[in-house]
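Index from 1, following the sequence. For the numbers below, each heavy atom of this structure counts, side chains included, while hydrogens, waters and symmetry mates do not.
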Amino acid sequence: MSKDISVGLIGFGTIGSGVVKLLQDNADLIRGRLGARLVIKKIADIDIETPRPVSVERSKLTTDVQEVLADPEISIVVELIGGYTHAKTIVLEAIRNGKHLVTANKALIATCGNEIFEAADNEKINIGFEASVGGTIPIIKTLKESLAGNNIDSVFGIMNGTCNYILTRMTSEGKDFESVLKDAQALGFAEADPTYDIEAVDTAHKLAITLSLSYGKRVALEDIYREGISKISPLDIEFAGELGYTIKLLAIAIRRGDVVEARIHPTMIPFDHILASVNGNFNAFHLMGDASGSVFLYGQGAGMMPTASAVVGDLIDISRDIMAGTWRRVPLRSYKKDQIEDIDLLPIDDVLTNYYFRFSAVDRPGVLSKISGILGKYDISLSSVIQKENNLDRDTGVPIVVTTYKAREKNVRMALEEIDNTLEGVVLGKTILIRIEDESLR
Ligand code: HSE
């Protein structure tokens, strides 16, 4: 007779239902691979009345989280309530009670990871958090185990399905941000309050976790530069297309000697790069290891069964250690505890990259030379210029699009400030800036 490993679930929403379903549907397969049955002993949620897409014995449901946390038979607690206030209290109590943990909660790991990991180390607890970054995609295992022999030279990720869905539809339909967002909300592809997704807070959580696994460092979330997608317009998407680029919200980590560059912003990437073909609500990661070279991971970053797949993978992983009578072999952040340090991130001012600027300028002789004069003063060299003729009124402003060779962010900001402030009557409105990643992706 095979052994049973008891699991307690806290949070019985979409992902919780997916976990229950997967453990039911693939029970024989999982027992065959693990040599034990993974049995859900208790499920706690504030709402145990609303019907779920899975059937569970009523006796397993409770509104009292203590029935999970204090049950001595439960070996692994799955936390799926989200947020980092209540969830943190629950997780720390589970750890104190000697329970291993699986979570999909990126906000919790990104914000309170140091404290939680330390508590887990002290109590010899294992924590699986594969579902917290990239949903179903095995990015965490890839960084912690498969690429453990590599220096990670760079990570470029599309880590937010909502933003990718919106940008994909803006690109294919030529619609503006607001109308696609509304439509995405109506279709359930965007939250009623989409701020976390569209302002890149969700992506920052995921990049912070990715950075700590890639470089063995603690990252202060607020040190990661981030810009969301709400200012992207159909006009910029169209010009990007003319230049051979598509616009994606990219999370970027690049190793620069002893420091790491970490930033999140809408980015123009070449059509022929593999990340440019990641459309709809899919997520993807393009990693560069110094031995592996290019590695590409692609899949669903959210959703009931894709996320449940990652959670159940972690449950099996931890259960294998339980079955083998060992504590976890792989450190939580991939590095030994005494090797973890605070990270030095390159300030955004010092980033060197290529830029796209869209000026709104009157269509008169000498305007371009005034703009390029100021750019030149700040050591910003132009690589291309596009200007469309305005046959109607030369004073209402036409878009002048400029792309640059590599320039320093600080210089770019100073130059644009000077252009926008001193060329009054010539440059109308605030200049649009979008960063371009091209060579760095090769
Ligand atoms: N809200 C996230 C997204 C999914 O849109 O990708 C959960 O991380």
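Taking 4.0 Å as the cut-off between side-chain N and carboxylate O, Glu227 and Arg435 count as a salt-bridged pair. Between Asp236 and Arg358 there is a salt bridge, since at least one side-chain N of the basic residue sits less than 4.0 Å from a carboxylate O of the acidic one. Between Asp272 and Arg442 there is a salt bridge, since a side-chain N of the basic residue sits under 4.0 Å from a carboxylate O of the acidic one. Ionic pairing of Arg413 and Glu417 is not present here: no N-O contact between side-chain nitrogen and carboxylate oxygen is shorter than 4.0 angstrom. A salt bridge links Asp121 and Arg328; the closest N-O separation between the charged side-chain nitrogens and carboxylate oxygens is under 4.0 Å. A salt bridge links Asp183 with Arg169; the closest basic N to acidic carboxylate O contact falls under 4.0 Å. Using a 4.0 Å cut-off between charged side-chain N and carboxylate O, Glu261 and Arg255 make no salt bridge. A salt bridge does not link Lys99 to Glu93: none of the charged nitrogens lies less than 4.0 Å from a carboxylate oxygen. Looking at Glu118 and Lys337, no side-chain N of the basic residue comes within less than 4.0 Å of a carboxylate O on the acidic one, giving no salt bridge.
Glu79 contributes a side-chain N or O that, together with a main-chain N or O of Gly82, makes up a donor-acceptor pair within less than 3.5 Å. Although no hydrogens or angles enter the test, the distance criterion places no donor-acceptor pair under 3.5 Å between the side chain of Asn126 and the main chain of Ile318. A donor-acceptor pair under 3.5 Å links the side-chain atoms of Asn354 to the main chain of Thr404, judged by distance alone. Distance alone, capped at 3.5 Å, is enough to place a donor-acceptor pair between the Asn164 side chain and the Gly280 backbone. At distances below 3.5 Å, at least one donor-acceptor pair connects side-chain atoms of Asp420 with backbone N or O atoms of Thr431. Side-chain N or O atoms of Lys175 include none that pairs as donor or acceptor with a backbone N or O of Met170 at under 3.5 Å. One N or O on the side chain of Asn411 and one on the backbone of Tyr378 form a donor-acceptor pair closer than 3.5 Å. Side-chain atoms of Ser214 do not come within 3.5 Å of backbone N or O of Leu211 as any donor-acceptor pair. Remark: the backbone N or O of Phe282 is not paired with any side-chain donor or acceptor of Gln300 at under 3.5 angstrom. No side-chain donor-acceptor contact under 3.5 Å links Thr136 to the backbone of Gly299.
Counting non-hydrogen atoms of other residues, nucleotides and ligands closer than 6.0 Å to NZ of Lys144 gives a total above 12. Remark: Asp290 CG is packed, more than 12 non-hydrogen atoms of other residues, nucleotides or ligands lying under 6.0 Å away. Enclosure of atom CD in Glu173 by more than 12 non-hydrogen atoms of other residues, nucleotides or ligands within 6.0 angstrom is indicated. The number of heavy-atom neighbours closer than 6.0 Å to CD of Glu242, taken from other residues, nucleotides and ligands shown, is above 12. For Asp258, the CG atom is loosely surrounded, since the number of other residues' heavy atoms within 6.0 Å does not exceed 12. Counting non-hydrogen atoms of neighbouring residues, nucleotides and ligands closer than 6.0 angstrom, the OH atom of Tyr84 reaches no more than 12 such neighbours.
Contact of the Thr162 side chain with the Pro194 side chain is not registered, since no non-hydrogen atoms from C-beta on lie closer than 4.5 Å. No side-chain heavy atom of His286 sits less than 4.5 Å from a side-chain heavy atom of Val155. Counting only heavy atoms from C-beta outward, the side chains of Ile137 and Tyr298 never approach each other to under 4.5 Å. Contact check for Ser230 versus Glu199: side-chain heavy atoms found under the 4.5 Å cut-off. Looking at heavy atoms from C-beta onward, Ile374 lies in side-chain contact with Thr422 at the 4.5 angstrom threshold. The shortest distance between side-chain heavy atoms of Leu250 and His265 does not fall below 4.5 Å. Put simply, the side chain of Glu145 reaches to within 4.5 Å of the side chain of Arg329, judged on heavy atoms. Residues Tyr356 and Thr267 form no side-chain contact, since every pair of their non-hydrogen atoms from C-beta on lies 4.5 Å or further apart.
If you take CD1 on Ile400 and CG on Leu368, they are separated by 5.5 Å, rounding to the nearest 0.5 Å. Remark: Ser319 OG to Leu34 CG distance equals 5.0 Å, nearest 0.5 Å. For the atom pair Leu38 CG and Ile76 CD1, the distance stands at 6.5 Å (nearest 0.5 Å). The CG atom of Leu332 lies 10.5 Å from the CD1 atom of Ile140; values are rounded to the nearest 0.5 Å. Annotation: the span from Ile152 atom CD1 to Leu213 atom CG amounts to 10.0 Å, rounded to 0.5 Å. With rounding to the nearest 0.5 Å, the separation of CG in Asp314 from NZ in Lys141 is 6.5 Å.
The nearest pair of heavy atoms linking Gly161 to Asn283 is N-ND2, 3.4 Å. Annotation for Phe359 and Val402: closest pair CE1-CG2, 3.9 Å, computed over non-hydrogen atoms. The shortest heavy-atom contact between Pro270 and Glu437 is CD-O, 3.4 Å. Contact detail for Pro138 and Leu297: the closest heavy-atom pair is O-CD1, 4.1 Å.
Shown are Ile10, Leu108, Val91; of these, the side chain to side chain contact (heavy atoms under 4.5 Å, CB included) with Ile81 is made only by Ile10.
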- request: In sequence, state the C-alpha distance, the side-chain angles, and the governing distance for Ile139 and Leu287, and then conclude on side-chain contact (heavy atoms from CB on, under 4.5 Å).
  value: CA-CA 10 Å; Ile139 176 70; Leu287 313 173; 3.9 Å; yes
task: Could you go through the side-chain hydrogen bond (donor to acceptor under 3.5 Å, both in side chains) check for Lys248 and Asn279 one step at a time?
output: CA-CA 9 Å; Lys248 296 288 183 192; Asn279 286 321; 3.2 Å; yes
- request: Before giving the answer on ring pair (Phe, Tyr, Trp, His ring centres under 6.0 Å), spell out for Phe117 and Phe129 the whole-Å C-alpha distance, their side-chain angles and the decisive distance to 0.1 Å.
  value: CA-CA 11 Å; Phe117 289 173; Phe129 51 103; 5.4 Å; yes
field: Verdict with reasoning, Phe285 to Val295, per side-chain contact (heavy atoms from CB on, under 4.5 Å)
entry: CA-CA 8 Å; Phe285 298 82; Val295 173; over 6 Å; no
field: Full working for salt bridge (charged side-chain N to carboxylate O under 4.0 Å, His left out) between Asp202 and Lys106
entry: CA-CA 8 Å; Asp202 172 81; Lys106 65 236 144 197; 3.3 Å; yes
message: Assess the residue pair Thr195 and Asp193 against the criterion (side-chain hydrogen bond (donor to acceptor under 3.5 Å, both in side chains)); give the C-alpha distance rounded to whole Å, side-chain angles, the decisive distance to 0.1 Å, and a yes or no.
response: CA-CA 6 Å; Thr195 318; Asp193 178 359; 2.4 Å; yes
task: Show your reasoning for whether side-chain contact (heavy atoms from CB on, under 4.5 Å) applies to Ile269 and Ile247.
output: CA-CA 6 Å; Ile269 58 174; Ile247 300 180; over 6 Å; no
Full working for side-chain contact (heavy atoms from CB on, under 4.5 Å) between Tyr196 and Asn160: CA-CA 10 Å; Tyr196 260 51; Asn160 186 271; over 6 Å; no
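Applying the salt bridge (Lys or Arg N to Asp or Glu O under 4.0 Å) rule to Arg333 yields no partners; only residues at least two apart in sequence or on another chain are considered.
The aromatic ring centroids of Tyr355 and Tyr405 lie 6.0 Å or more from each other.
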